[in-house]
Amino acid sequence: MVELEKILHYHFSDKSLLKRALTHSSCSSHVSENYERLEFLGDRVLGLTIAALLYRIFPNEPEGSLSQRFTGLVCKETVAEQARLLHLDRYMYVANEEIRDNENVLCDVCEAVIGAIFIDAGCEQAVEFVNKHWRELIDKNVAPPKDSKTALQEVAHVKGLGMPVYRLVDRKGSEHEPIFYIGVSLNNVPEEIGEGKSKKLAEFDAASKMLQRIGQ
């Protein structure tokens, strides 16, 4: 736990909170021993913190644009990716090792850690944690990943290029840190290959590249 606290850049006064945040219901179904209640709290803390950050950082953007950014920053894929970057998958308490690769679980555990920090030290520390680990994503000023797939489908329809077809091209890396390569194709348009640490993120990347190819 000491090593994980170093990665998190936060040291718990109550170590049991961190253990609970990392405990999947497969190890304990009791609500006082697994992450589910902490995830409920952390989800709300994350959402409020990101909303406040976006409100301050982009003072001239309309509500619609802020909502798109917000969705991309708090979606399951993004939060699960943050969990991997923090190596939470390595420290989780699970009954089945396959659970460590489950994006839903990774997202929940990351939010539970945020909730645990909130309980351990209060709102200010929890907000500081989110600011530290999400600010780089905001600074990249990238449109929400899921929009690229939606946009590609809409543009392809308008241009008469048919529905985008996605396929798994390759998977590299370790079990805990995989890299997926996904191809997307349209009628009479060469395939574009995207990559990401999950299949969905790779699909988003492929869709973005295809949009650039077809001039959008």
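When reading the values below, keep in mind they use all heavy atoms of this one structure, side chains included, and skip hydrogens, waters and symmetry mates.
Note: H87 and Y91 fail the aromatic proximity criterion, with ring centroids not under 6.0 Å apart.
In the hydrophobic clustering of ILVMFWY residues, with side-chain heavy atoms under 4.5 Å counting as a link, V127 and V74 come out apart. L168 and V184 end up in the same hydrophobic cluster when Ile, Leu, Val, Met, Phe, Trp and Tyr side chains are linked at under 4.5 Å. Linking ILVMFWY side-chain heavy atoms closer than 4.5 Å, directly or via other members, places L66 and L46 in a single hydrophobic cluster. The cluster map of Ile, Leu, Val, Met, Phe, Trp and Tyr, joined by side-chain heavy atoms under 4.5 Å apart, puts L137 and F58 in the same cluster. Hydrophobic clustering (ILVMFWY, side-chain heavy atoms < 4.5 Å, transitive): W134 and I7 are in one cluster.
Defined by atom type and a distance below 3.5 Å, a donor-acceptor pair is missing between the side-chain atoms of S198 and E81. Residues T78 and Q82 have side chains that never bring a donor and an acceptor to within less than 3.5 angstrom of each other. At a cut-off of 3.5 Å, with distance as the only test, a side-chain donor of Y10 or D120 sits close to an acceptor on the other residue.
Atom NZ of K19 is surrounded by 12 or fewer heavy atoms from other residues, nucleotides or ligands within 6.0 Å. Atom NE2 of H11 sits in a crowded spot, with more than 12 heavy atoms from other residues, nucleotides or ligands closer than 6.0 Å. Under a cut-off of 6.0 angstrom, the local environment of CG in N188 is sparse, with at most 12 non-hydrogen atoms contributed by other residues, nucleotides or ligands.
Taking 4.5 Å as the limit, every side-chain heavy atom of R20 sits out of range of all side-chain heavy atoms of Y35. The shortest distance between side-chain heavy atoms of L88 and L8 falls below 4.5 Å. When side chains are defined from C-beta on, R100 counts as touching V94, because their heavy atoms get closer than 4.5 Å. Put simply, the side chain of C123 does not reach to within 4.5 Å of the side chain of V45, judged on heavy atoms. Looking at E5 and L18, their side chains come closer than 4.5 Å, going by heavy atoms from C-beta outward. Side-chain contact check for C107 versus E103: every heavy-atom pair is 4.5 Å or farther apart.
Interatomic distance, L22 CG to R90 CZ, rounded to the nearest 0.5 Å: 13.5 Å. For the atom pair CZ (F204) and SG (C75), the distance works out to 6.5 Å, reported to the nearest 0.5 Å. Between L54 atom CG and I138 atom CD1 the span is 5.0 Å, to the nearest 0.5 Å.
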Open item on the list: Applying salt bridge (Lys or Arg N to Asp or Glu O under 4.0 Å) to K200 and E203, what does each step give before you reach the verdict?
Closed with: CA-CA 5 Å; K200 287 188 177 180; E203 288 176 352; over 6 Å; no
Task: Derivation of the side chain to side chain contact (heavy atoms under 4.5 Å, CB included) call for V2 and K6 - done: CA-CA 6 Å; V2 174; K6 290 179 181 178; 4.1 Å; yes
Open item on the list: If you apply the rule side chain to side chain contact (heavy atoms under 4.5 Å, CB included), what do you find for Q125 with F118, and how did you get there?
Closed with: CA-CA 7 Å; Q125 286 294 323; F118 183 95; over 6 Å; no
- [ ] Evaluate the side chain to side chain donor-acceptor pair (under 3.5 Å) criterion for residues E154 and T150: first the C-alpha distance (whole Å), next the side-chain angles of each, then the deciding distance (0.1 Å), finally the verdict.
- [x] CA-CA 6 Å; E154 293 173 351; T150 301; over 6 Å; no
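In terms of heavy atoms, A156 sits closest to L186 at CB-CD2, 3.7 Å. Heavy-atom minimum distance, A83 versus L106: CB-O, 3.4 Å. Contact detail for A202 and F180: the closest heavy-atom pair is CB-O, 3.6 Å.
For the side chain to side chain contact (heavy atoms under 4.5 Å, CB included) criterion with Y181, the lone passing option out of K199, E195, R167 is E195.
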